[in-house]
Amino acid sequence: MFFLPHFGHTVSREAADLRIIFEKYRELILYVFFGGLTTLVDWVSYWLMTDIIHVPYMAAAFLSQIFSILFAYVTNRSFVFESKVRGARAVAVEMIKFFGARGASLLLNMLVMYVGVDMLHINDKVIKVIASVLVIIANYIFSKLFVFRSAGRGEQGEDPNGKKKE
(Lines give C-alpha, C1' and ligand atoms only; values in the text may rest on other atoms or scores of the structure.)
Protein backbone atom coordinates (compact mmCIF):
# COMPACT_ATOMS: atom_id res chain seq x y z
CA MET A 1 0.00 0.00 0.00
CA PHE A 2 1.06 3.51 -0.75
CA PHE A 3 -0.14 6.71 0.97
CA LEU A 4 -0.85 9.71 -1.22
CA PRO A 5 -1.06 12.77 1.04
CA HIS A 6 -2.36 14.89 -1.84
CA PHE A 7 -5.33 12.52 -2.27
CA GLY A 8 -5.75 11.75 1.45
CA HIS A 9 -6.00 7.96 1.34
CA THR A 10 -4.03 4.76 1.00
CA VAL A 11 -4.04 2.99 -2.36
CA SER A 12 -1.95 0.35 -4.08
CA ARG A 13 1.27 1.48 -5.75
CA GLU A 14 -0.18 0.77 -9.21
CA ALA A 15 -3.32 2.77 -8.49
CA ALA A 16 -1.20 5.61 -7.16
CA ASP A 17 0.96 5.56 -10.29
CA LEU A 18 -2.11 5.58 -12.53
CA ARG A 19 -3.59 8.46 -10.55
CA ILE A 20 -0.37 10.46 -10.91
CA ILE A 21 -0.26 9.78 -14.66
CA PHE A 22 -3.93 10.74 -15.00
CA GLU A 23 -3.42 13.99 -13.10
CA LYS A 24 -0.34 14.82 -15.17
CA TYR A 25 -2.07 14.15 -18.51
CA ARG A 26 -5.65 14.84 -17.38
CA GLU A 27 -6.46 17.43 -20.02
CA LEU A 28 -5.10 15.34 -22.88
CA ILE A 29 -6.79 12.15 -21.63
CA LEU A 30 -10.14 13.91 -21.28
CA TYR A 31 -9.70 15.57 -24.68
CA VAL A 32 -9.11 12.16 -26.27
CA PHE A 33 -12.10 10.66 -24.43
CA PHE A 34 -14.55 13.46 -25.24
CA GLY A 35 -13.00 13.86 -28.67
CA GLY A 36 -13.82 10.21 -29.25
CA LEU A 37 -17.41 10.84 -28.21
CA THR A 38 -17.53 13.92 -30.44
CA THR A 39 -16.20 11.87 -33.34
CA LEU A 40 -18.84 9.25 -32.60
CA VAL A 41 -21.55 11.95 -32.78
CA ASP A 42 -20.05 13.07 -36.11
CA TRP A 43 -19.76 9.57 -37.63
CA VAL A 44 -23.10 8.21 -36.42
CA SER A 45 -25.02 11.29 -37.56
CA TYR A 46 -23.15 11.20 -40.91
CA TRP A 47 -23.93 7.51 -41.38
CA LEU A 48 -27.59 7.95 -40.43
CA MET A 49 -27.98 10.82 -42.87
CA THR A 50 -26.14 9.22 -45.80
CA ASP A 51 -27.19 5.57 -45.48
CA ILE A 52 -30.60 5.71 -43.79
CA ILE A 53 -32.10 9.08 -44.80
CA HIS A 54 -30.10 9.35 -48.06
CA VAL A 55 -28.95 12.94 -47.57
CA PRO A 56 -26.24 13.94 -50.09
CA TYR A 57 -22.78 13.36 -48.58
CA MET A 58 -21.72 17.04 -48.52
CA ALA A 59 -24.91 18.12 -46.71
CA ALA A 60 -24.52 15.19 -44.31
CA ALA A 61 -20.86 16.07 -43.70
CA PHE A 62 -21.83 19.67 -42.94
CA LEU A 63 -24.73 18.79 -40.61
CA SER A 64 -22.84 16.04 -38.79
CA GLN A 65 -20.02 18.51 -38.11
CA ILE A 66 -22.52 21.06 -36.74
CA PHE A 67 -23.93 18.43 -34.34
CA SER A 68 -20.45 17.42 -33.21
CA ILE A 69 -19.33 21.04 -32.78
CA LEU A 70 -22.25 21.76 -30.45
CA PHE A 71 -21.49 18.61 -28.45
CA ALA A 72 -17.78 19.49 -28.35
CA TYR A 73 -18.36 23.00 -27.02
CA VAL A 74 -20.27 21.72 -24.01
CA THR A 75 -17.83 18.90 -23.22
CA ASN A 76 -14.64 20.89 -23.88
CA ARG A 77 -15.82 23.87 -21.85
CA SER A 78 -17.13 21.84 -18.92
CA PHE A 79 -14.91 18.77 -18.66
CA VAL A 80 -11.71 19.07 -20.70
CA PHE A 81 -10.46 22.62 -20.29
CA GLU A 82 -12.70 23.39 -17.28
CA SER A 83 -13.36 26.95 -18.34
CA LYS A 84 -13.99 29.24 -15.41
CA VAL A 85 -15.11 32.14 -17.60
CA ARG A 86 -18.26 33.72 -16.21
CA GLY A 87 -20.36 36.65 -17.25
CA ALA A 88 -22.27 37.08 -20.48
CA ARG A 89 -19.58 39.07 -22.30
CA ALA A 90 -16.71 36.76 -21.37
CA VAL A 91 -18.68 33.61 -22.26
CA ALA A 92 -19.75 35.22 -25.55
CA VAL A 93 -16.09 35.94 -26.41
CA GLU A 94 -15.14 32.36 -25.56
CA MET A 95 -18.02 31.02 -27.69
CA ILE A 96 -17.04 33.23 -30.63
CA LYS A 97 -13.47 31.94 -30.41
CA PHE A 98 -14.62 28.33 -30.14
CA PHE A 99 -17.15 28.45 -32.95
CA GLY A 100 -14.77 30.49 -35.10
CA ALA A 101 -12.02 27.91 -34.66
CA ARG A 102 -14.47 25.07 -35.26
CA GLY A 103 -15.72 26.91 -38.34
CA ALA A 104 -12.17 26.71 -39.68
CA SER A 105 -12.04 22.98 -38.97
CA LEU A 106 -15.48 22.60 -40.58
CA LEU A 107 -14.05 24.14 -43.75
CA LEU A 108 -11.08 21.76 -43.52
CA ASN A 109 -13.50 18.83 -43.20
CA MET A 110 -15.57 19.97 -46.18
CA LEU A 111 -12.47 20.52 -48.31
CA VAL A 112 -11.06 17.07 -47.50
CA MET A 113 -14.46 15.47 -48.21
CA TYR A 114 -14.81 17.26 -51.55
CA VAL A 115 -11.27 16.55 -52.74
CA GLY A 116 -11.34 12.94 -51.58
CA VAL A 117 -14.78 11.99 -52.86
CA ASP A 118 -15.42 14.22 -55.89
CA MET A 119 -11.91 14.70 -57.21
CA LEU A 120 -10.07 11.51 -56.16
CA HIS A 121 -13.16 9.24 -56.21
CA ILE A 122 -12.38 7.59 -52.87
CA ASN A 123 -15.19 6.07 -50.79
CA ASP A 124 -16.87 8.74 -48.66
CA LYS A 125 -16.55 6.69 -45.44
CA VAL A 126 -12.79 6.30 -45.93
CA ILE A 127 -12.42 10.02 -46.56
CA LYS A 128 -14.62 10.77 -43.53
CA VAL A 129 -12.12 8.89 -41.33
CA ILE A 130 -9.16 10.80 -42.84
CA ALA A 131 -10.99 14.12 -42.48
CA SER A 132 -11.86 13.29 -38.87
CA VAL A 133 -8.22 12.67 -37.94
CA LEU A 134 -7.16 16.00 -39.44
CA VAL A 135 -10.07 17.81 -37.76
CA ILE A 136 -9.31 16.29 -34.35
CA ILE A 137 -5.70 17.46 -34.52
CA ALA A 138 -6.69 20.95 -35.71
CA ASN A 139 -9.38 21.24 -33.05
CA TYR A 140 -7.04 20.35 -30.21
CA ILE A 141 -4.50 22.91 -31.37
CA PHE A 142 -7.17 25.60 -31.81
CA SER A 143 -8.78 24.86 -28.43
CA LYS A 144 -5.53 24.64 -26.50
CA LEU A 145 -3.77 27.64 -28.04
CA PHE A 146 -6.61 29.94 -28.99
CA VAL A 147 -9.97 29.25 -27.39
CA PHE A 148 -9.41 27.98 -23.85
CA ARG A 149 -5.78 29.11 -23.51
CA SER A 150 -6.47 31.62 -20.82
CA ALA A 151 -10.13 30.99 -20.10
CA GLY A 152 -10.67 31.29 -16.38
CA ARG A 153 -7.01 31.90 -15.64
CA GLY A 154 -7.20 35.65 -15.35
CA GLU A 155 -5.17 36.43 -18.48
CA GLN A 156 -6.03 38.65 -21.43
CA GLY A 157 -7.52 41.39 -19.28
CA GLU A 158 -10.46 39.48 -17.80
CA ASP A 159 -10.99 37.58 -14.61
CA PRO A 160 -13.15 34.45 -14.36
CA ASN A 161 -16.17 36.64 -13.62
CA GLY A 162 -15.84 38.51 -16.91
CA LYS A 163 -14.67 41.80 -15.39
CA LYS A 164 -11.89 43.88 -16.89
CA LYS A 165 -8.61 43.95 -15.01
CA GLU A 166 -7.12 47.28 -14.23
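Because the structure is predicted, anything quoted here is derived from the model rather than measured.
Of all heavy-atom pairs spanning Val112 and Leu134, the tightest one is CG2-CD1, 3.9 Å. Between Phe98 and Ile69, the closest heavy-atom pair is CE2-O, 3.7 Å. For the pair Leu108 and Ala138, the tightest heavy-atom approach, listed with the atom from each and the gap, is CD2-CB, 4.2 Å.
Under the 4.5 Å side-chain heavy-atom criterion for grouping Ile, Leu, Val, Met, Phe, Trp and Tyr, Phe33 is connected to Ile136 within one hydrophobic cluster. Put simply, Val32 and Phe142 are part of two different groups of oily side chains (I, L, V, M, F, W, Y) that touch within less than 4.5 Å, one to the next. The hydrophobic clustering, which links ILVMFWY residues whose side-chain heavy atoms are closer than 4.5 Å, places Leu106 and Ile130 together. Note: the hydrophobic cluster containing Tyr140 also contains Leu30 (ILVMFWY, side chain heavy atoms under 4.5 Å, direct or indirect links). Under a hydrophobic-cluster definition in which Ile, Leu, Val, Met, Phe, Trp and Tyr are linked whenever side-chain heavy atoms come within less than 4.5 Å, directly or via other members, Ile122 and Leu111 are assigned to the same cluster.
With a 4.5 Å cut-off on side-chain heavy atoms, Met113 and Met110 do not count as touching. A heavy-atom distance below 4.5 Å is found between the side chains of Lys125 and Tyr46. Counting heavy atoms from C-beta outward, Leu18 and Glu14 have side chains that stay 4.5 Å or more apart.
Asn139 and Tyr31 are not linked by any side-chain donor-acceptor pair at a separation below 3.5 angstrom, with hydrogens and angles left out of the test.
Leu63 CG to Met49 CE: the interatomic distance, rounded to the nearest 0.5 Å, is 5.0 Å. To the nearest 0.5 angstrom, Ile127 atom CD1 is 11.5 Å from His121 atom NE2. A distance of 11.0 Å separates NZ in Lys24 from CD1 in Ile29, rounded to the nearest 0.5 Å. Separation of atoms CG (Asn109) and CE (Met58) is listed at 8.5 Å; rounding is to 0.5 Å. Considering CD1 of Ile66 and CZ of Arg102, their distance stands at 11.5 Å, rounded to 0.5 Å. The line from CZ of Arg19 to CD1 of Ile21 is 13.0 Å long, rounded to the nearest 0.5 Å.
A 6.0 Å sphere centred on OH of Tyr114 holds no more than 12 heavy atoms belonging to other residues, nucleotides or ligands.
Residues passing the salt bridge (charged side-chain N to carboxylate O under 4.0 Å, His left out) test with Asp118, sequence neighbours excluded: none. Residues meeting the ring-ring contact (aromatic ring centres under 6.0 Å, His included) test with Phe62, sequence neighbours left out: none.
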Could you give the side-chain donor-acceptor pairs of residues 36-44 under 3.5 Å, partners two or more places apart or in another chain?
residue: Thr38; atom: OG1; partner: Phe34; partner atom: O; Å: 2.8
residue: Thr39; atom: OG1; partner: Gly35; partner atom: O; Å: 2.8
residue: Asp42; atom: OD1; partner: Ser64; partner atom: OG; Å: 2.7
residue: Asp42; atom: OD1; partner: Lys128; partner atom: NZ; Å: 3.0
residue: Asp42; atom: OD2; partner: Gln65; partner atom: NE2; Å: 3.2
residue: Asp42; atom: OD2; partner: Lys128; partner atom: NZ; Å: 3.1
residue: Trp43; atom: NE1; partner: Ser132; partner atom: OG; Å: 2.7

